[in-house]
Protein chains: 2
Amino acid sequence: MTDINEQVRRPGAKTASIADAMDDDARNQPEADPALLDLVELLFFAYRDFTREPDKILEEIGFGRAHHRVLHFVNRHSGLRVADLLDILKITKQSLGRVLKQLVDEGYIVQEAGKTDRRERLLYTTARGQELADRLALPQLRRIAHALDASGAESQSCIGKFLSEMVCEADRAQVSQLLKAGAGARGRSGEPA
Amino acid sequence: MTDINEQVRRPGAKTASIADAMDDDARNQPEADPALLDLVELLFFAYRDFTREPDKILEEIGFGRAHHRVLHFVNRHSGLRVADLLDILKITKQSLGRVLKQLVDEGYIVQEAGKTDRRERLLYTTARGQELADRLALPQLRRIAHALDASGAESQSCIGKFLSEMVCEADRAQVSQLLKAGAGARGRSGEPA
DNA sequence: TCATTTATGTCAGTCATGTTGACTTATTTT
DNA sequence: AAAATAAGTCAACATGACTGACATAAATGA
């Protein structure tokens, strides 16, 4: 890596308080705190590297990150409907359709008509799909485990809270419900909303 | 948003210890801990929403997320070389070239030959570029300030540590150096590595 | 000095993944 | 029976990645 080696121009660098210690003016101008800009960059770097290892694996098998996302959510939240997936990924039906079709055609995902509403297509990973999902998740889980370890055991709850609160107000409840449902309702027979 | 409403199948949900309390086997199989998978998903949702507001602004002016990334790093780390940017973004010269050219052509960024090495093109934002960078950063800073606030004031250092440790080992030193250099060395005359 | 390396820029083509709009089919709801 | 909903599909298009090849200017080194 190239060494960037820049000069420092930053003033004092607040580290402790945020909104608590901000007056109304500062609250409207969060850009005043350079520590927040550090977090903007760290989030970029963290996510960049979070996706690099799976991306490499995906490339070998002719898939992309879009396939990973679909496979992950179907695997973890088994029995998900297509509409749920669209809402999670915030992409269009057509975009999803392309990658989903490939995943189905190549035997990673199966579709099943809903029991109560047979228009719905409930999505499940096959054994093959679960294997790939696990293989893709492994480097990400290792990375997260390392980062939690390095930032202290007590950090986990605060990281989770922080990331949850980074989610749009409008979607936060849905996301937390999805997480509560957790490792998927494989074989669920529950009511599809 | 559609209500997903799934059934729970998850067992106990570890929350406290991570690697400290893991035996060697568990350390090699971090996928065993469902709380880590929650963080995988939260990171996806957080990043998804972190980029949504700027993306909307960008769309109005015919730019994309790639322009934002370039503009951000040039603005914050003024005097950056093209090679630095390639290394930060991990994209090819050709990919960068296209968006950089647009940013220069439309007066957001200026290039200046390096003083000690005149092959280098040092990049700076214009007033117009700074305005746009600030406008794009604002919703992201607001979101981060909110999330820090909601996860407790003492959380900031642990979030920063966590995100730093999410970065690839190989790049971690460079990233932390970049952050130390902080809000850019505008008008720097220092040695370009 | 001359050859090589480095930093940058650019042309041409390709691919993955997102977009809109329009339309079909099956099924449920009213 | 009509309308709404869930899903799938066709076509056309934009963005932002990629590779490979090549050009130019400037620095470096034998």
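All values below come from the heavy atoms of this structure, side chains included, with hydrogens, waters and symmetry mates left out. Below, chains carry the letters A, B, ... as their sequence lines are ordered, and counting in each starts from 1.
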For A/R76, is there an ion pair with B/D38 - N to carboxylate O distance below 4.0 angstrom?
yes
Could you tell me whether the side chain of B/S78 and the main chain of B/N75 form a donor-acceptor pair under 3.5 Å?
no
Is the A/F50 to B/Y47 ring centre distance short of 6.0 Å?
no
B/S151 side-chain N/O to A/K161 backbone N/O, donor-acceptor pair under 3.5 Å
no
Is there a donor-acceptor pair under 3.5 Å between the side chain of A/D49 and the backbone N or O of B/C168?
yes
Under 6.0 Å between the ring centres of A/F73 and B/F44?
yes
Nucleotide N/O to protein N/O under 3.5 Å, stretch nucleotides 26-30 of chain C:
residue, atom, partner, partner atom, Å
C/dT27, OP1, A/R118, NH2, 3.0
C/dT27, O2, A/R119, NH1, 3.4
C/dT28, OP1, A/R118, N, 3.3

Mind checking what makes salt bridge (charged side-chain N to carboxylate O under 4.0 Å, His left out) contact with A/E131, not counting sequence neighbours?
none
Whole Å only: how far is the CG atom of A/D87 from the C1' atom of D/dT5?
15 Å
Ion pair present between B/E165 and B/R172, side-chain N to carboxylate O less than 4.0 angstrom?
yes
Atom-pair distance (CG on B/D84; C1' on C/dT6), nearest Å:
14 Å
Between D/dG16 atom C1' and B/L85 atom CG, what is the distance in whole Å?
15 Å
So the stems of DNA chain C, runs of at least three Watson-Crick or G-U pairs (under 3.5 Å), are C:1-30 with D:1-30
So CD1 of A/I88 and CG of A/L80: to nearest 0.5 Å the spacing works out to 5.0 Å
Rounded interatomic separation in angstrom, taking CZ from B/R48 and C1' from C/dG18
16 Å
Do the side-chain N and O atoms of B/Q140 and B/H72 include a donor-acceptor pair separated by under 3.5 angstrom?
no
Could you state the atom-to-atom distance from CG of A/L89 to P of C/dT17 in whole Å?
12 Å
Using a 4.0 Å cut-off on heavy atoms, which residues in residues 93-105 of chain B reach DNA chain D? List them by number, or say none.
B/Q94, B/S95, B/R98
Return the residues of residues 54-66 of chain A meeting this criterion: a heavy atom under 4.0 Å from some atom of DNA chain C. Order them by number, or give none.
A/G64, A/R65, A/A66
Just how far, in rounded Å, is C1' of D/dA17 from CZ of A/R52?
15 Å
Determine whether the side chains of A/E106 and A/H67 contain a donor N or O and an acceptor N or O closer than 3.5 Å.
no
Not counting sequence neighbours, which residues clear salt bridge (charged side-chain N to carboxylate O under 4.0 Å, His left out) with A/K93? List them please.
none
Hey, does the side chain of B/H67 come within less than 4.0 Å of D/dG16's phosphate (OP1/OP2), counting only N and O?
yes
Send over the distance from B/L122 CG to C/dG9 P, rounded to a whole Å.
11 Å
In plain terms, say whether B/D171 and A/R52 are close enough for a salt bridge, that is, a side-chain N and a carboxylate O under 4.0 Å apart.
yes
Looking at B/E59, I'd like to know if its CD atom is crowded, meaning that more than 12 non-hydrogen atoms belonging to other residues, nucleotides or ligands lie closer than 6.0 Å.
no
Is any side-chain nitrogen or oxygen of B/T92 closer than 4.0 Å to OP1 or OP2 of D/dC18?
yes
What is the separation between atom CG on B/L86 and atom C1' on D/dC18, rounded to the nearest whole Å?
14 Å
From the set C/dA7, D/dA7, D/dC18, return the single nucleotide nearest to any side-chain atom of A/E120.
D/dA7
